[in-house]
Peer 1: 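Sharing a structure here in structure tokens format.
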Amino acid sequence: MFCRRPRGLRIGLALLCLALAPDRAWGQAAACAAFGVGGVLPTLARPALAVRTHLLCNRAYAVLASGVSRGPLWSAEHLTAAAVEAARSLPRRGVFAADQRLPPSDRAEIEDFRRSGYDRGHMAPSGDMADDAAQQESFLLSNIVPQAGDLNRGIWAGIEEAVRNLARRDGDLYIVTGPAFHARDLSRIGGHVLVPTSTWKAVYDPARNGAGVYVCRNRAVRPTCNEVTVDTLIRVVGVDPFPALPDAVKAARFDLPHPDAGPAERRTRRQMREIERLWRRWLKG
DNA sequence: CGGCACGTCAGT
DNA sequence: ACTGACGTGCCG
């Protein structure tokens, strides 16, 4: 992970690579670690996810970029109330750009998203960033996945806002955001960039010593969200957002604030059929 | 992701 | 009318 090209490396070689890493890489890793609970960044519980990954450190978040999905697997932040205050008075702007730290074979390009039908969805949100430089870094495509517009601009935006409000109220939060890919229905845009089936946001609240995860279906028609435990995220997605947390905290349900209701969702034909089906089952007993 | 439930449809 | 393969949605 610390090496630029982990392709084909086995454990021993990876350790060697770690030992030989230049000072700058060590420094980056150390700075990065501060974004994780207890100084520990997220880990991958599913080994298949680890191929062609690159750990990238930014001013306000760390991200693990995948050359397979050509996007982030997780973005980790430590969001403070002070940062939220500063972000509030900062104009929201930035320029989407390919992340030149990644080799061309492992990164998304602007053209991949053009006319794809998907929004460029931030993992670490631009609205969390307290200064211009940090905000610009959030627009790097290593922090971006293809996201359904109604999700990105609807309930997902509401979740981001609700989480910022929680950070203001409780002082600080550790937040890890990422995509989930269901092998059953994978698609790509631009021939390269994998479209996630869901996007999720894990939140640890030190003030209340609790953690929970928002999970949203990344689809155009009915992009609904729900909450699950950290345990469920680890089992299903294969990312442990908070490895340093005790098992009891990961297993416990924890109420996260509900997002502000987005624009009223209109009822689709599919949804009507579902309602009819449930109604029939109810009548049967 | 995997497991279950359900709907569709083609072939008996 | 029955059956199994297949697709799709939901859930944790």
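Naming convention: chains lettered A, B, ... in sequence-line order (proteins, then strands); numbering from 1 in each chain.
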Peer 1: Tell me whether the side-chain N/O atoms of A/Arg253 come closer than 4.0 Å to OP1 or OP2 in C/dG12.
Peer 2: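 Indeed not, no polar side-chain atom of A/Arg253 lies that close.
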Peer 1: Between C/dG12, B/dC1, C/dC10, which one does the side chain of A/Arg46 approach most closely?
Peer 2: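 Among the listed nucleotides, the one closest to the side chain of A/Arg46 is B/dC1.
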Peer 1: Mind calculating the distance between CZ (A/Arg184) and C1' (C/dC11) to the nearest angstrom?
Peer 2: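 So the CZ-C1' distance, A/Arg184 to C/dC11, works out to 11 Å.
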Peer 1: Measure the distance from CG on A/Leu186 to P on B/dG2 and round it to the nearest whole Å.
Peer 2: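 Taking CG of A/Leu186 and P of B/dG2, I get 12 Å after rounding.
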Peer 1: May I have the distance from A/Leu194 (atom CG) to B/dC1 (atom P), rounded to whole angstrom?
Peer 2: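 Rounded to whole Å, this separation is 11 Å.
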Peer 1: Measure the distance from CD1 on A/Ile234 to C1' on B/dG2 and round it to the nearest whole Å.
Peer 2: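 Taking atom C1' of B/dG2 as the reference, CD1 of A/Ile234 is at 17 Å.
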Peer 1: For A/Phe96 and A/His122, take the angle between the two ring planes, folded into 0 to 90°, and tell me which bin it lands in: parallel under 30, tilted 30 to 60, perpendicular over 60.
Peer 2: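 The arrangement is tilted - the two ring planes meet at 30° to 60°.
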Peer 1: Check every atom of B/dC1, C/dG12, C/dC10 against the side chain of A/Arg219 and return the nucleotide holding the closest atom.
Peer 2: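 Nearest nucleotide to the side chain: C/dC10.
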Peer 1: Which whole-number value in Å describes the distance from A/His182 NE2 to C/dT8 C1'?
Peer 2: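 These atoms are roughly 11 Å apart.
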Peer 1: Below 4.0 angstrom, N of the basic side chain to O of the carboxylate: do A/Asp106 and A/Arg52 qualify?
Peer 2: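 Between A/Arg52 and A/Asp106 there is a salt bridge, with a charged N closer than 4.0 Å to a carboxylate O.
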Peer 1: Distance check needed: C/dC11 P versus A/Leu233 CG, whole Å only.
Peer 2: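 Atom CG in A/Leu233 sits about 18 Å away from atom P in C/dC11.
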Peer 1: Round to the nearest Å and state the distance from A/Asp185 atom CG to C/dC10 atom P.
Peer 2: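 Those two atoms, CG and P, are 12 Å apart.
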Peer 1: Salt-bridge test for A/Asp119 and A/Arg153: reply yes if a basic N is under 4.0 Å from a carboxylate O, no otherwise.
Peer 2: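 Looking at A/Asp119 and A/Arg153, the cut-off is met.
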Peer 1: Check this for me: does any side-chain nitrogen of one of A/Asp150 and A/Arg222 sit under 4.0 Å from a carboxylate oxygen of the other?
Peer 2: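 Result for this pair is no, no salt bridge flagged.
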Peer 1: Using whole Å, what does the distance between atom C1' of nucleotide C/dC11 and atom CZ of A/Arg235 come to?
Peer 2: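 Taking CZ of A/Arg235 and C1' of C/dC11, I get 10 Å after rounding.
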